[in-house]
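Here's the structure we're looking at; comments come further down.
Since this is a predicted model, take the numbers as computed values, not measurements. Each chain gets a letter, A, B and so on, in the order the sequences are listed, and its residues count up from 1.
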2 protein chains.
Amino acid sequence: MTHESYGAYESHGAYESRGAYESQGAYESHGPGRRAAVRRPASIKDVAAAAGVSATTVSHVLSGNRPVNEQTAARVRSVVNRLGYVPASLARSLQAGSTSVIGLLIPDISNTFFAELAKGAEDAAHDLGYGLILCNTEFDADREDRYLGMIRSRFIDGMVYASGSPPSRRRLEALMGKFPIALADEEVEGLERALIATADHEAGGRLVGEHLRALGHRRALMLTGPRALRSSVARANGFVRAFQGEVVECVGDFKEASGYRLVAERLKEGGSKEGGLDCTAVFAANDLMAFGALTALREAGLSVPQDVSVVGFDDIRAASLAHPPLTTVHQPAYDVGRTATAQLLQYVTRGEVPPASRHTLPVELKVRGSTAPPAR
Amino acid sequence: MTHESYGAYESHGAYESRGAYESQGAYESHGPGRRAAVRRPASIKDVAAAAGVSATTVSHVLSGNRPVNEQTAARVRSVVNRLGYVPASLARSLQAGSTSVIGLLIPDISNTFFAELAKGAEDAAHDLGYGLILCNTEFDADREDRYLGMIRSRFIDGMVYASGSPPSRRRLEALMGKFPIALADEEVEGLERALIATADHEAGGRLVGEHLRALGHRRALMLTGPRALRSSVARANGFVRAFQGEVVECVGDFKEASGYRLVAERLKEGGSKEGGLDCTAVFAANDLMAFGALTALREAGLSVPQDVSVVGFDDIRAASLAHPPLTTVHQPAYDVGRTATAQLLQYVTRGEVPPASRHTLPVELKVRGSTAPPAR
DNA sequence: TTGTATGCGTTATCAT
DNA sequence: ATGATAACGCATACAA
């Protein structure tokens, strides 16, 4: 399916002539409220026959790939219009050897971080005439497999991979040597030699560490993401190194519930003291977990930032709207998606598998209302 | 592309045998960091030749559509495995006449309402073995056209349409008679005779009206969505009827900026009094516009809900996290997406164009901190 | 149990 | 300027 196939023929009047559609619909109407059976859409042969030319000529009238007598062309266009003919993109793609569609695989589309990333990817794809399929995995390995199957079966020309389910690493490894794949936002352990666009996670962690240290905190609870994710490790490393204080690490899974659970459990176990957190600050490896932490703290009667400071990561939309507004690390989600996609397409369009290349995009600390100096 | 094509052959060992991949990759490696050229992937003929059977037999070994001698089958599978053969979904779909993929067209994926709707649609699609392509239009008519082209060119088997750009109505009209299309969340004026799953917008407006009236408000500013959208009109109608007070209506476009602008302008113009709003409550037709209103009010030094009450619509995630938490109408976004998709697929799988059918799903008023009795 | 021939809808190649 | 034919990769009707 080429770019043109999306709408190039509309200008020939498919939409301009309403009557044509109504009289030649691909479906037969069986009256109001009744189901209608599908009829075979017009093919290039139908057009050729009706116009008294060969299919070859029809093809060239539509593509402009070679000169056609203007009278003939006009006749063909008229028939195209009348029959409501639209070239079958499947047949085109089969012949062309590519679909002009790539995929974007993400774990959770309702996370505005990934939504922004998706916008960047979509813009980059559209700029080059490519379609973009959003593949939402919900962190589910089966779904991920299924979507990866689309590239193995060549339904799509390439894939921007922005997920993070660790078990998929081996599959990715096999795929990356055979198909155009770019990693966005997330490096995958053992796959350093790939096309990668990512935020500077380590710097983000460092900024948070410096911020909390400067406020006077000396003991913090860190809610990390899965160990298998490079970004998790990088955020934690940057934080620990810059904070230079005591850090209690708990492993979460980037979901709000896990942030809630980890903090609630720690509050119940009582740290070392009177049922408190035993930490003056919480750094969650993403905003969602930070929100979970916020909820757990509120339920325990602790107020933020008076009793405990909380910091997130990502700067999703809800972060600035939260109560209190969440101090967090802003990731250039849109740029990550755009960069990764642009990089990928550079190779897809040339029928090449991408070489290793890393783009690290800068992050920014957004200091808001959820952080303050420790109580005492 | 059938459901099975996504991964049915993986169990034959494509992934289980790493060595096979490495020695038979579809790309030729040119050493670390160098670009690699694409090589033609193995086709069914390659497998047939290598296994010493016909392509027909290979096809049947893989599909199970007819019995094959177990020894032969084993030999074929071994070759499939060795060559890393995966059937080309394009060729399959061309032959089958359908792709087993449908589209979901939405205006803004970063709006969590649509993200939730998308999840419902995706779940429903996957349940029936269908893939789902997320088409994000950004309210852009060109993008919408482009995505609608996918159904006209039969790249997808059907479309769940959850957008709302009014100018597209005529295009939709022509399409709906020819291709399987379902409307989600949004009725389209003049297209009542279609497959529709929507929230009860009118009831939502009514709940808000009753709530504000019960609190004692008598004069409200209503920020509606575009007039051309049925949901906008329904929300406004329900509200006006139940509120039974004075209502000033301003037309927005469902974006945050428009909520901000409308309220800011009204504040500047001064209503009828001392630069105030001249209303004790604001009802925005969606949460995004409510957030814009919140910002404008805050900048004007007005506090919510002490000076002005604010109500939204949708109950997106940020609503409960906002400051103050936003009173809003909860829409069953997930169910709307799931219902519309399930309905659509019921007809897609049978190769029929859907009849008229309307599902109206219940909404719920979430009373939170942004509403209170009027000051005086 | 297996193979041959044909068709799906298009575009490219080679003629005319 | 136009057409006939092959090829893309697969599945199926028909034969054997």
Give a yes/no on whether any side-chain N or O of [X] is located under 4.0 angstrom from OP1 or OP2 of [N].
{"X": "B:Arg92", "N": "D:dA11", "result": "yes"}
{"X": "A:Ser54", "N": "D:dA4", "result": "no"}
{"X": "B:Thr72", "N": "C:dT2", "result": "yes"}
{"X": "A:Thr56", "N": "D:dG3", "result": "no"}

Which nucleotide, [options], lies nearest any side-chain atom of [X]?
{"X": "A:Asn69", "options": "C:dT2, D:dT2, C:dT10", "answer": "D:dT2"}
{"X": "A:Arg66", "options": "C:dA12, D:dT2, C:dT1", "answer": "D:dT2"}
{"X": "A:Ser43", "options": "D:dC10, C:dT10, C:dT1", "answer": "C:dT10"}
{"X": "B:Asn65", "options": "D:dA11, D:dT12, C:dT10", "answer": "D:dT12"}
{"X": "B:Arg40", "options": "D:dT2, C:dT1, D:dG9", "answer": "D:dG9"}
{"X": "B:Gln95", "options": "C:dC8, D:dT2, D:dA13", "answer": "C:dC8"}
{"X": "B:Leu94", "options": "C:dT10, D:dG3, D:dG9", "answer": "D:dG9"}

Could you pick out which residue, B:Arg154 or B:Ala55, lies toward the 5' side of DNA chain C when each is mapped onto its nearest nucleotide?
->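 Closer to the 5' end of DNA chain C: B:Ala55.
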
Strand-adjacent residues in residues 45-53 of chain A, judged by heavy atoms under 4.0 Å from DNA chain D =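 Within residues 45-53 of chain A, the residues near DNA chain D are A:Gly52, A:Val53.
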
Does the pair [X]/[Y] count as a salt bridge with the N-to-O cut at 4.0 Å?
{"X": "B:Asp145", "Y": "B:Arg152", "value": "no"}
{"X": "A:Asp140", "Y": "A:Arg146", "value": "no"}
{"X": "A:Arg75", "Y": "A:Glu70", "value": "no"}
{"X": "B:Glu138", "Y": "B:Arg143", "value": "no"}

Closest non-hydrogen atom pair between [X] and [Y], with its separation:
{"X": "B:Tyr130", "Y": "B:Val101", "answer": "CD2-N, 3.8 Å"}
{"X": "B:Val348", "Y": "B:Gly158", "answer": "CG2-CA, 4.5 Å"}
{"X": "A:Ala51", "Y": "A:Val79", "answer": "CB-CG2, 3.9 Å"}

So what does B:His60 touch, heavy atoms closer than 4.0 Å: a base, only the sugar-phosphate, or nothing?
->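 Base, at least one base heavy atom under 4.0 Å.
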
Rounded distance [0.5 Å steps], OH in B:Tyr161 versus CG in B:Leu175 =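 B:Tyr161 atom OH to B:Leu175 atom CG measures 10.0 Å (nearest 0.5 Å).
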
Interatomic distance, B:Thr349 atom OG1 to B:Tyr347 atom OH [nearest 0.5 angstrom] |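 Rounded to the nearest 0.5 Å, the OG1-OH separation comes out at 10.0 Å.
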
Using whole Å, report how far [atom1] of [X] lies from [atom2] of [N].
{"X": "B:Ile44", "N": "C:dT6", "atom1": "CD1", "atom2": "P", "result": "18 Å"}
{"X": "B:Glu70", "N": "C:dT2", "atom1": "CD", "atom2": "C1'", "result": "15 Å"}
{"X": "A:Tyr85", "N": "C:dT10", "atom1": "OH", "atom2": "C1'", "result": "7 Å"}

Quick one: bend of the helix from C:dT1-D:dA16 to C:dT16-D:dA1 from 5 pairs per end, to 10°?
->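 One end's axis against the other's: 40°.
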
Are the ring centres of A:Tyr147 and A:Phe155 closer than 6.0 Å?
->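 Not under 6.0 Å, so no.
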
